[in-house]
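Down below is the structure, laid out as structure tokens.
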Amino acid sequence: MSSRLTKSDVERIASLAHLELSEAEKETFARQLADILTYAETLQAIDTTNASPTTHVLSRHEAFRNDEVQESLSRDEALANAPDGTSDEGFFKVPKVIE
Amino acid sequence: MTATAQTLVEIRDAIAAGEITSTNICSEYLERIAAVDGSLNAFNNVTHEQALERAAAVDRSRTAGDPRPLLGVPIAIKDNLCTRGVPTTASSRILENFVPPYDATAVSRLEAAGAIVLGKTNCDEFGMGSSNENSAFGPVKNPWNLTRSPGGSSGGSAAAVSARLVPGALGSDTGGSIRQPAALCGVVGLKPTYGRVSRYGLLAFASSLDQVGPLTLTVRDAALLLEVIAGPDPRDATTAPQQVPRYTENLDADLRGVRLGVPSALLDSGIDPEISQAFSAAVEVFQSTGATVSDITLPHAQYAIPVYYLLATAEASSNLARYDGVRYTHRAELDPTSTTLRAMYDQTRSEGFGEEVKRRIMLGTYALSAGYYDAYYLKAQQVRTLILRDYEQAFDSVDAVIMPTSPVPAFTLGEKIKDPLQMYLLDIFTVSANLAGLPAISVPAGFTQERLPVGVQLVGRAFDEGGLLKIARAYERNNGWWKETPNI
């Protein structure tokens, strides 16, 4: 496994993460992420044959409650933090999606 | 400052006895914030008027024998916990104007207990950092030395309590973010067991690790805040059903028969000599109170940092996907006729997130991406299992693990921020408790020659906060470190 990251690797990850990076950021991140990933490679030496992955430490996996209608936020409250001018018709608005 | 009433318990009792009013004490702290916080930057927002209105309401309606355990007592809240009608930014540009329509459960429980919120404290952006330098609103300064970092990410809460700008505060701890700043600022910081305190209304960073907890001057105050905020919450399905013990009762226990373990091999490398000295002295104090101290091994704890930084960033990359310019206030300004949805997302996030947040989203996205998932993310989850097992085995022979909270005292602002990996390595003693979901507390353990605070940390069995608090209290009773006040 190689921890060398090329500029195009960084661009691919940034695209997956919905980030637009400057050229300087791409260079810095390529170097820093490679450093961190190289350090993380120490894990490869550990025998994990009998270790199942831990996703969380909860002993309980279900949390049932009665299916009762309860009060929730009003539409105005829920929309109050929408970016300026996008909530006036009662919706979150986004730029046009369909051509 | 009212020299006679400094702790939450003292203030609560003085108000209950009619010796002071909530208005008096809240005004006093607000004045001190106004006088001092210009040099500390511990607060993102001070809720001056609202606090005084609520304090006045407490003073008007208070009747003798009111059982509310924090009636009229001032408190501060880390700015990543939602407060209804009060801006909650997580110290990020992307949430600069976000005003939550609801309170976090920990906040509403404090207020139901009578506490008065004085403001929201500065932190590393979304809790990501160990120095408080990753805040969109500038770093917090350490009250013991203004050129030093207060630690992070709950640096504002720790600095505010240390400087007596507020007698207690809430923080959040994903990899040490309560305990490390508590150690660097000389206060008590408690990370509860995973599931002990509701995260409803906590802006999520890494959901399998995040916990909300108190920062206070004394162990008793930490017990009091935990007692109020802990317990099951129907709004957070990860809260544990266990009932909450009365942590404040029988705190002054005898430590005879209590077994403590020191993971000596883990402490062999990279610790500042003055931290080692203070830690050895603390071990002697624990022994003098009747505890037995033995060597233990946590063979996989040395791998906790890579495990943590792969898992926490993977979870963060998912949790922070919601900040996309649609729902939470900030949207990049773009030409509405030609902008695509995708460009709006990308530009909003790129201008709204700071460098460390972007770095962690990138790292987490990489660890989760096709071709790397097994080698990084899955492997880290497997090693997490081994770290958990190490602790389980250790708790066969000891009741708590003790180690330093941080390998170094407060470092100079600007000193480590340029090298993210070096900054991450500072979390070596704190991250494993999060990975294993265990409760852990940092208590003041003295000072370096330069008069920078040192903390000692105890990690306990799941849901044994009561045991940890008793051990911490026995230690605290044998020193007066918490009474030392920074000269600010």
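Note: hydrogens, waters and symmetry copies are ignored here, and every other heavy atom, side chains too, is used. Just so it is clear, the model here is predicted, and its values are computed rather than measured. So you know, we letter chains A, B, ... as the sequences are listed, proteins then strands, and number each from 1.
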Between [X] and chain A, with a heavy-atom cut-off of 4.5 Å, which part of the residue counts as in contact: side chain, backbone, both or neither?
X	value
Glu351(B)	neither
Tyr328(B)	backbone
Arg360(B)	neither
Tyr377(B)	neither
Thr340(B)	backbone
Leu425(B)	side chain

Relative to chain B, which segment of [X] carries a heavy atom at a distance below 4.5 Å: side chain, backbone, both, or neither?
X	value
Ser74(A)	neither
Asp9(A)	neither
Val97(A)	side chain

At their closest point, which heavy atom of [X] faces which heavy atom of [Y], and how far apart are they?
X	Y	result
Leu73(A)	Pro101(B)	CD1-CG, 3.8 Å
Pro83(A)	Gly325(B)	CG-O, 3.1 Å
Val57(A)	Leu435(B)	CG1-O, 3.6 Å
Thr55(A)	Gln381(B)	CG2-NE2, 3.3 Å
Asn50(A)	Arg389(B)	O-NH2, 2.9 Å
Glu41(A)	Tyr376(B)	OE2-OH, 3.8 Å

Do the side chain of [X] and the main chain of [Y] share a donor and acceptor less than 3.5 angstrom apart?
X	Y	value
Gln382(B)	Ala51(A)	yes
Thr48(A)	Val383(B)	no
Gln347(B)	Glu20(A)	no
Arg349(B)	His18(A)	yes
Asn81(A)	Val99(B)	yes

Nearest-0.5 Å distance, [atom1] of residue [X] to [atom2] of residue [Y]:
X	Y	atom1	atom2	result
Gln302(B)	Thr42(A)	CD	OG1	8.0 Å
Ile387(B)	Ile46(A)	CD1	CD1	7.5 Å
Leu19(A)	Thr348(B)	CG	OG1	11.0 Å
Tyr39(A)	Tyr309(B)	OH	OH	10.5 Å
Leu58(A)	Thr239(B)	CG	OG1	9.0 Å
Asp419(B)	Asp35(A)	CG	CG	7.0 Å

Side-chain heavy atoms of [X] within contact of [Y], under 4.5 Å:
X	Y	value
Tyr372(B)	Leu37(A)	no
Leu310(B)	Leu43(A)	yes
Met362(B)	Leu21(A)	yes
Tyr366(B)	Arg12(A)	yes

| Heavy atoms from other residues, nucleotides or ligands near CD of Glu27(A) exceed 12 (cutoff 6.0 Å) | no
Residue among [options] with most heavy-atom pairs under 4.5 Å to chain A:
options	result
Ala367(B), Ser208(B), Ala380(B), Ser350(B)	Ser350(B)
Ile361(B), Leu363(B), Leu368(B)	Leu363(B)
Lys358(B), Arg384(B), Arg342(B), Met344(B)	Arg342(B)

| field | Best-contacting candidate, Glu25(A), Glu77(A), Gln32(A), against chain B by heavy atom pairs under 4.5 angstrom | value | Gln32(A)
